[in-house]
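Numbers for residues simply follow the sequence, beginning at 1. Everything numeric here is computed off the predicted structure, so don't read it as measured data. Values below: every heavy atom of this structure, side chains too, minus hydrogens, waters and symmetry copies.
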Amino acid sequence: MPSKYADLGTPTTCPRCGDTVRRHIDPDGALIDLDIREAPTRLAPAGLRWRVTGNGTAINLGWADPTDTVRVAHDDVCTASPQPDVAELLAYWRTGAARAATQAALETLQPDVSDLRRTPSRREVRTVACPQCGAAAGKTCAAPDGATRYVNHRRRVTAYHADRHRSLPGPQVGGQRRLQPPREQVRTVPCPRCSAPAHAPCTRARGKERTAHHFERVAAFTSSC
């Protein structure tokens, strides 16, 4: 059973691993960042178990042994330097059921991405350089003969969307992001698995084009954001 008041904290970002956490105040007035994932009590070592009260205060449960789930301080499970006694909990969070629960938690933190999906104006697209004709940011695209183009190159539009996506990467937990980039944005980076160049589709073993990108290519684009 998820903690009843788990979502009362203020979302913030761990400066070490980039994960989204929720910041609370403990009874002494000190700030404490709790991991957003629920932890089965049996897998959270005594002394590392937390609960959130109705006013958002984080309470350390000490040796208390609730029958459902608890929260844990993010510092104890941070991928940058996790505590050795939480190895079993980290392994549990990598299982299918736990990952689904984590995705549901991230869903509640999903930022408004409607602005990413709207059609930008020509002036907005021109705020980035064109990777096709080499036009600098703020300048219009040019045709092969040097004539000014009224419409921006498609690759420039894609580059604009990719730039917007990087400015709004979305929440993440355990290094996994909830916000998935559109297909055309992923294609702006080469695929490390099939070696498809930027802007080209991924290919299968015999060279046939794939509709979907390889997971490694999505991961490469996400890590560059």
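The backbone N or O of Ala64 sits less than 3.5 Å from a side-chain atom of Arg49, completing a donor-acceptor pair. A donor-acceptor pair under 3.5 Å links the side-chain atoms of Thr41 to the main chain of Asp68, judged by distance alone. Panel note: side chain Arg217, backbone Val189; a donor-acceptor pair is recorded below 3.5 Å. With hydrogens and angles ignored, the 3.5 Å screen pairs a side-chain donor or acceptor of Asn152 with a backbone N or O of Arg122. A distance-only check finds no donor-acceptor pair linking the side chain of Arg204 to the backbone of Arg206 [under 3.5 Å]. Judged by distance alone, with hydrogens and angles left aside, the side-chain atoms of Arg156 form a donor-acceptor pair with the main-chain N or O of Val128 at under 3.5 Å. Without hydrogens or angle criteria, His24 side chain to Gly56 main chain gives a donor-acceptor distance under 3.5 Å.
Taking OG1 of Thr53 as the start and CD1 of Ile25 as the end, the distance is 10.5 Å to the nearest 0.5 Å. Rounding to the nearest 0.5 Å gives a distance of 9.0 Å between CH2 of Trp50 and CG of Leu61. Here the CZ-CG distance, from Arg94 to Leu89, works out to 9.5 Å after rounding to the nearest 0.5 Å.
The heavy-atom pair separating Arg37 from Asp19 by the smallest distance is NH2-OD2, 4.4 Å. Taking all atoms of both residues into account, the shortest heavy-atom contact from Glu38 to Val70 is OE1-O, 3.7 Å. The nearest pair of heavy atoms linking Thr20 to Val173 is O-CG2, 4.1 Å. Residues Thr140 and Arg149 share a closest heavy-atom pair of CB-O, 4.1 Å.
Connection of Leu90 to Leu43 is established within a shared hydrophobic cluster, with ILVMFWY side chains joined at heavy-atom distances below 4.5 Å, either directly or through further cluster members.
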Quiz item: Do Thr188 and His199 pass the side-chain contact (heavy atoms from CB on, under 4.5 Å) test, and can you show the C-alpha distance, the side-chain angles, and the key distance before you say yes or no?
Solution: CA-CA 5 Å; Thr188 60; His199 307 291; 4.0 Å; yes

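Within 6.0 Å of CD on Glu124 lie more than 12 heavy atoms contributed by other residues, nucleotides or ligands.
Side-chain atoms of Arg187 and Thr158 include no donor-acceptor pair closer than 3.5 Å.
When the salt bridge (charged side-chain N to carboxylate O under 4.0 Å, His left out) test is applied to Arg42, no partner is found at least two apart in sequence or on another chain.
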